[in-house]
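Working notes for the structure below.
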Amino acid sequence: MLQNKNNNNNNNFNNNNNTENEEGFVKVSLVNQSVFIRKKKTCPLRDIDISEIDYKNLKLLNKFISERGKIIPSRITNVEIKKQRAIAQAIKRARNLALISPIKKDATSN
Amino acid sequence: MSLYETVFIARQDLTAEDVDALSNKLAKIITDANGKVEKEYWGLRNLSYKVKKNSRGHYILLKINSEYPVVAELKRVMGFNEDVIRSATFLVEAHKDESYMFQSANAKDYKAGKIATRKEPSKLDLVIDQFQFDA
């Protein structure tokens with residue numbers, strides 16, 4: 001995962017002194033200066049087929065709800081939009097079936 | 001013919017035989033109308049909130065291949081059966097062989113704790129373990 005991001009930056013800037021400093025940023029050394037560039041974040045579910053996102057897969061859904069039982073926005077999780085919609089629908093179905101609490105995260109289901 | 005999934009929760013004080021009788025009765029509605037149905041029993045699970053004064057419930061999944069009017073009849077019958085405390089029906093594109101919560105086909109075959117030793121983590125589980133969002 002990390003290699004891919006470094007490779008992308010290498011392609012853009014033609015050098016290979018990239019180092020990890022802060023989370024989410026990559027330090028890139030140019031000729032006379034070094035700059036910090038925000039890493040492009042990728043969808044954490046890119047290897048998972050959309051049919052796996054299901055109201056029955058509680059282990060997956062519990063990753064996408066907060067301690068208060070709210071659905072975490074894709075702004076934070078970087079899930080792509082189609083999969084975020086599928087997650088939201090699956091969580092709502094699971095709530096109706098009393099599989100997920102609407103007000104808190106179930107500590108045991110992780 | 002379309003594919004449907006129906007999940008219903010049976011009352012907590014039913015015995016395994018009662019649950020099987022109930023699910024067979026509901027499945028018979030589908031099979032009488034030339035539909036196909038498969039059953040999955042998920043065990044006596046804790047509900048995450050109380051439903052009609054029950055804090056636990058038997059979960060049963062019916063995987064249905066049938067016309068919609070038959071499914072509508074199934075929903076109607078579940079609506080006035082007092083042993084069914086909650087039910088939901090979804091249109092799906094494909095049925096999976098075993099869902100993530102599969103325990104046994106019939107309630108009387110169910111043994112508690114069986115799921116812990118059932119199988120090693122799948123590729124999906126390994127991907128899921130990698131990320132964590134809430135602090």
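Order of the sequence lines sets the chain letters (A, B, ...), proteins ahead of strands, with each chain counted from 1.
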[X]-[Y] co-clustered via ILVMFWY side chain contacts under 4.5 Å:
X	Y	result
B:Tyr68	B:Leu74	yes
B:Met1	B:Val37	no
B:Val77	B:Phe8	yes
B:Val70	B:Leu91	yes

| remark: Counting heavy-atom pairs under 4.5 angstrom with chain A, the leader among B:Arg45, B:Lys50, B:Glu5 is B:Glu5
| note | Ranked by heavy-atom pairs below 4.5 Å to chain A, first place among B:Ile9, B:Val7, B:Val51, B:Val92 goes to B:Val7
| query | How long is the gap from CD on B:Glu93 to CD1 on A:Ile50, to the nearest 0.5 Å? | reply | 9.5 Å
| remark: dist B:Trp42:CH2 -> A:Lys56:NZ (nearest 0.5 Å) comes out at 6.0 Å
| request: Name the region of A:Leu97, side chain, backbone, both or neither, that has any atom closer than 4.5 Å to a heavy atom of chain B. | output: both
| said: Given heavy-atom pairs under 4.5 angstrom as the criterion, report whether the side chain, backbone, both or neither of A:Leu99 touches chain B. | reply: both
| message | For chain B, which candidate among A:Thr77, A:Leu60, A:Ile48 shows the most heavy-atom pairs at distances under 4.5 Å? | response | A:Thr77
| field | Minimum heavy-atom distance between A:Pro102 and B:Tyr49, given as atom pair plus value | value | CD-CD2, 3.7 Å
| message | Can you give me the closest heavy-atom contact between A:Asn96 and B:Arg86, atom names plus distance? | response | O-NH1, 2.6 Å
| Close side-chain approach of A:Gln89 to B:Phe90, heavy-atom, < 4.5 Å | no
